[in-house]
Undergrad: 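Once you've had a glance at the structure underneath, I'll fire off some questions.
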Protein chains: 2
Amino acid sequence: MGKRSLQKLATTHKILQAATTLYTKNGFLQTSMEQISQEAGVAKGTLFIHFKSQEDLIDSVVKELLRSFVSLRVFQAQPNQTLTDLLIIHLEIIHKNEKLYTHFIRERFFLSKEANQYYITIQKIFSDFLAFAFTHAQVYTPLPHYSLFNTWIGLIHYYLENFDLFNSEKDILDTYKDDLVYNYIVLIGGAK
Amino acid sequence: MGKRSLQKLATTHKILQAATTLYTKNGFLQTSMEQISQEAGVAKGTLFIHFKSQEDLIDSVVKELLRSFVSLRVFQAQPNQTLTDLLIIHLEIIHKNEKLYTHFIRERFFLSKEANQYYITIQKIFSDFLAFAFTHAQVYTPLPHYSLFNTWIGLIHYYLENFDLFNSEKDILDTYKDDLVYNYIVLIGGAK
DNA sequence: CCCTTAAATGACTGTTCGGTCATTGTAATA
DNA sequence: TATTACAATGACCGAACAGTCATTTAAGGG
């Protein structure tokens, strides 16, 4: 591999890095290509050599976000892991990209078809993981899994999207992780 | 009252009407002042006589939305109304402006301080109504009211914001109203 | 060592859109 | 009827911003 193509790869990486940083900090809609080029330390035109459009760049960042969740897809639970453990794991994985994920769920409606397909895939991953968790933890309720899932993910999304309502200094999930899981467990624990 | 000031009031009304129609259909961010002026049948400059800025117009529409919820504030329950009844009432009131409310919760982050203040007020109204409903229906759970509220409103918001995931022809709340209430009741009914 | 090829540059273009203002027409008033 | 006041108009302005392209720079191949 030549010096030139190595350089190109490095530049692509720098741009993706810069884009991720700014999208995480300010969101997708509030970040211009100009800002990203400055953050990456390259000219604006360079961005369009590496990504054919802004949409393409956003899709790439979202694709990376999706990849951060795939470990849930092949998750192997330990025999003694409880539902609490598994829900905590779910929140911890989201927490790794909490701010980016929050911007994504807030703004995805304004993003491309592609990005929205990734969103659906992510929700599917979460849903499957939860279904697995319920089964593994032998949760019995009269309610269907999808209903339990919607309640759980709805609660998480409500906290993330409305973090300004919960005057928390740190990240939402850091602060409320235990509370969220505990309350949810009590809720469905009772639904027998 | 003179012909002129009547005319002015009528124009203000036409503009608010047109704005509400377009915000409902396409959302706040996707609707331009130009479009609104056309829908209202007036010149673009006219909008700025009646509203000092786009932000001001949006705030006015959102304020109207808020007003559609205030009946919950002074709600007098019948003695025999169950929690199910009250949750249904809550959904029906949201349903009256379902699409506008959905756009609002999706986009409020990009709107003014004022609009966000209205958002907080709305959430407070919902929260108070739910607290009242729990008390009235003598719901006992080991969980605090705020937790029950967050679960409920989180679930509703998740359905509204993700209506494209639930392939429903009609409005989300029309289709899923009973399901939502029933499942939620089972959930917290069990949490004794 | 020269020539080809491709990465990088940044000035420039076109478009969208919120907001302005000089002008117009008409209601209110004296 | 003449004068004033104000609602309405729409051409225009300026800012923001995605995307383009002629030009520059340097790597790679013969």
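Being a predicted model, the structure only gives us computed values, none of them experimental. No hydrogens, no waters, no symmetry mates; every other heavy atom, side chains included, goes into these values. Just so we're on the same page: letters track the sequence lines, and every chain starts at 1.
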Undergrad: So, OP1 or OP2 of C:dA7: does either fall under 4.0 Å of a side-chain N or O from A:H50?
TA: no
Undergrad: Could you work out, with side chain to side chain donor-acceptor pair (under 3.5 Å) as the rule, every residue matching B:H90, not counting sequence neighbours?
TA: B:W152
Undergrad: If you walk 5' to 3' along DNA chain D, what is the first nucleotide with an atom under 4.0 Å of a heavy atom in chain A, and what is the last?
TA: D:dA18 to D:dG28
Undergrad: Tell me: CG of A:L6 to P of C:dA7, nearest whole Å?
TA: 13 Å
Undergrad: Name every donor-acceptor pair, under 3.5 Å, that has one atom in a side chain of residues 59-74 of chain A and the other anywhere in the protein, sequence neighbours excluded.
TA:
from  : atom 1 : to     : atom 2 : distance (Å)
A:D59 : OD1    : A:S112 : OG     : 2.7
A:D59 : OD2    : A:S112 : OG     : 3.2
A:S60 : OG     : A:D56  : O      : 3.0
A:S68 : OG     : A:L65  : O      : 2.6
A:S68 : OG     : A:N97  : ND2    : 3.3

Undergrad: What donor-acceptor contacts under 3.5 angstrom involve side-chain atoms of residues 79-88 of chain A, with partners at least two apart or in another chain?
TA:
from  : atom 1 : to    : atom 2 : distance (Å)
A:Q81 : OE1    : A:Q78 : N      : 2.8
A:T82 : OG1    : A:T84 : N      : 3.4
A:T82 : OG1    : A:D85 : N      : 3.2
A:T82 : OG1    : A:D85 : OD2    : 3.2
A:D85 : OD2    : A:T82 : N      : 2.8

Undergrad: Applying side chain to side chain donor-acceptor pair (under 3.5 Å), name anything that partners A:Y119, two or more places apart in sequence or on another chain.
TA: B:N162
Undergrad: Quick one: which residue pairs count as a side chain to side chain donor-acceptor pair (under 3.5 Å) with a foot in residues 16-25 of chain B, not counting sequence neighbours?
TA: B:H13-B:Q17
Undergrad: Would A:F126 and A:F149 count as a close aromatic pair, with their ring centres under 6.0 Å?
TA: no
Undergrad: Quick one: which residue pairs count as a salt bridge (Lys or Arg N to Asp or Glu O under 4.0 Å) with a foot in residues 30-51 of chain A, not counting sequence neighbours?
TA: none
Undergrad: Any salt bridge (Lys or Arg N to Asp or Glu O under 4.0 Å) involving residues 103-129 of chain B? Give me the pairs, sequence neighbours left out, ordered by first then second residue.
TA: A:D164-B:R108, B:K124-B:D128
Undergrad: Going 5' to 3' through nucleotides 17-30 of chain C, assign each nucleotide B (protein heavy atom under 4.0 Å from a base atom), S (under 4.0 Å only from sugar-phosphate atoms) or - (no protein heavy atom that close).
TA: -BBB-----BBS--
